[in-house]
Amino acid sequence: MSMTSLGISGLFMVGCCATAQIARILNQRCLSENSIVPVLINEAIAAAELCACCFELIIVADNFGVSTYALCLFLLTIWWGRVWGDASACPYTHMEDVLEGRTSFKDMALRSWAALMGGCCVYRIVQVFWWLELAETHKGRAFEACNADLQVSPYLGATIEGVATLLCRLASKAIGAKEPRFGNYIDSFIGTSLVVAEVYAFNYALLAAFNFSGGYFNPVLATALKWGCRGHTNVEHIIVYWIGACAGAVLSVPVFKLGVVRRLLVGEEAGSKAKLE
């Protein structure tokens, strides 16, 4: 494939990020900060930005390889970490906040709903862009049938999503506890590495000679990209990408509080300090 096609994909993702940033600025200036409405709008904007870029990343991965995909994803996650604020575009981070007493169940439900709406609605915009076929790689993609990435049993897929999400959340909490200078970059690298490891396993069946789940680690992203696709039922989708990922994230809260885990991830001093507090 030509570099022109890659450039068009890159420009589309940059355009999505720029548009989302403008929307965030307008949201901040035009709505009252004391209301939950701008918070919900920020969640919807973040989810729409995430899913629009990831739709295009599928094109990049299919035509330019996993390495190019990983580089783009890494740069995007760094950008998102710097501009999203308290938005996460991911329901289970708010579930963790409920467990730790930082937010209410109502706020968690509303923010999850806002993220889901933003992520699912943005596909029509992406579809129109693909329909224009400005790049060779977009030909026939706008209306083609999608296939599920789940190639194992739903319960094994849920386990894979859950364990990977657990590891990702533990790493993120450890980085947050230690607060290193380049924590945002490290967190982005870890998240990207987990996804890329899953992609390589999916493509080459390196681990135990079977395919995995697609490596989404985010229920909103998985639903926006793969809901209704051929290869799994809606119930199976919920089991793998919602129950599996959310269970892994929720489990990370008590696991991170274990002394042995804190000593392993943040060191003796951090663990002792946490106990004193």
Side-chain angles (χ1 to χ4, degrees), residues 4-27 30-31 37-64 69 72-73 76-77 79-80 83-84 87-91 109-150 195 214-238 240-242 245:
T4 302
S5 296
L6 180 59
I8 291 173
S9 291
L11 286 174
F12 175 75
M13 290 185 280
V14 170
C16 288
C17 292
T19 302
Q21 185 63 7
I22 293 171
R24 271 188 288 270
I25 294 171
L26 292 175
N27 180 45
C30 297
L31 296 177
V37 174
V39 175
L40 300 182
I41 292 176
N42 271 337
E43 282 290 345
I45 292 170
E49 181 182 6
L50 168 71
C51 293
C53 290
C54 286
F55 274 119
E56 194 62 30
L57 281 175
I58 294 174
I59 302 290
V60 173
D62 287 347
N63 294 278
F64 301 99
Y69 162 89
C72 293
L73 179 60
L76 284 168
T77 51
W79 167 253
W80 294 332
V83 301
W84 277 4
S88 69
C90 188
L110 288 173
R111 293 179 73 159
S112 299
W113 171 82
L116 185 60
M117 292 301 99
C120 291
C121 291
V122 78
Y123 175 65
R124 293 305 176 191
I125 298 175
V126 177
Q127 192 176 38
V128 170
F129 179 69
W130 287 352
W131 172 73
L132 295 174
E133 296 187 348
L134 300 176
E136 183 182 356
T137 52
H138 292 157
K139 290 183 177 179
R141 297 301 294 260
F143 302 104
E144 70 175 4
C146 70
N147 295 308
D149 288 332
L150 182 64
V195 174
Y216 292 97
F217 317 138
N218 182 332
V220 167
L221 179 61
T223 298
L225 268 62
K226 292 298 179 179
W227 180 264
C229 292
R230 295 180 301 184
H232 59 47
T233 66
N234 292 340
V235 172
E236 290 172 342
H237 179 96
I238 292 171
V240 175
Y241 300 112
W242 282 86

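The first residue of the sequence shown is numbered 1, and numbering continues consecutively from there.
The shortest heavy-atom contact between V122 and C51 is CG1-CB, 3.9 Å. Between G119 and A224 the shortest heavy-atom distance is O-CB, 3.4 Å. The heavy-atom pair separating P91 from S112 by the smallest distance is CB-OG, 3.4 Å. Here the closest heavy-atom approach between residue G228 and residue N234 is recorded as N-OD1, 4.0 Å. Taking both residues in full, the closest heavy atoms of V220 and A89 are given as CB-O, 3.9 Å, listed atom of the first, atom of the second, then distance. In this structure, S9 and E56 approach most closely via the heavy-atom pair OG-OE2, 2.6 Å.
Residues forming a salt bridge (Lys or Arg N to Asp or Glu O under 4.0 Å) with R24 (at least two apart in sequence, or on another chain): E49.
Rounding to the nearest 0.5 angstrom, the gap separating the OG1 atom in T77 from the CH2 atom in W84 is 9.5 Å. Taking CZ of R111 as the start and CG of L116 as the end, the distance is 15.0 Å to the nearest 0.5 Å. To the nearest 0.5 Å, atoms SG (C17) and CG (L50) are separated by 10.0 Å. The structure places SG of C16 at 13.5 Å from CD of Q21, a figure rounded to the nearest 0.5 Å. One finds the SG atom of C54 at 12.5 Å from the CD1 atom of I59 (value rounded to the nearest 0.5 Å). With rounding to the nearest 0.5 Å, the separation of OG1 in T137 from CG in D62 is 9.5 Å.
The closest side-chain heavy-atom distance from C53 to W80 is below 4.5 Å. When side chains are defined from C-beta on, E136 does not count as touching N63, because their heavy atoms never get closer than 4.5 Å. Between L134 and F129, some side-chain heavy-atom pair lies under the 4.5 Å cut-off.
Checking side-chain atoms of E43 against main-chain N and O of S88 turns up a donor-acceptor pair under 3.5 Å. A donor-acceptor contact shorter than 3.5 Å is absent between the side chain of Q127 and the backbone of F143.
Ring pair Y123/F55 is tilted by interplanar angle, where 30° to 60° counts as tilted.
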Step by step, would you call V240 with H232 a side chain to side chain contact (heavy atoms under 4.5 Å, CB included)? CA-CA 10 Å; V240 175; H232 59 47; over 6 Å; no

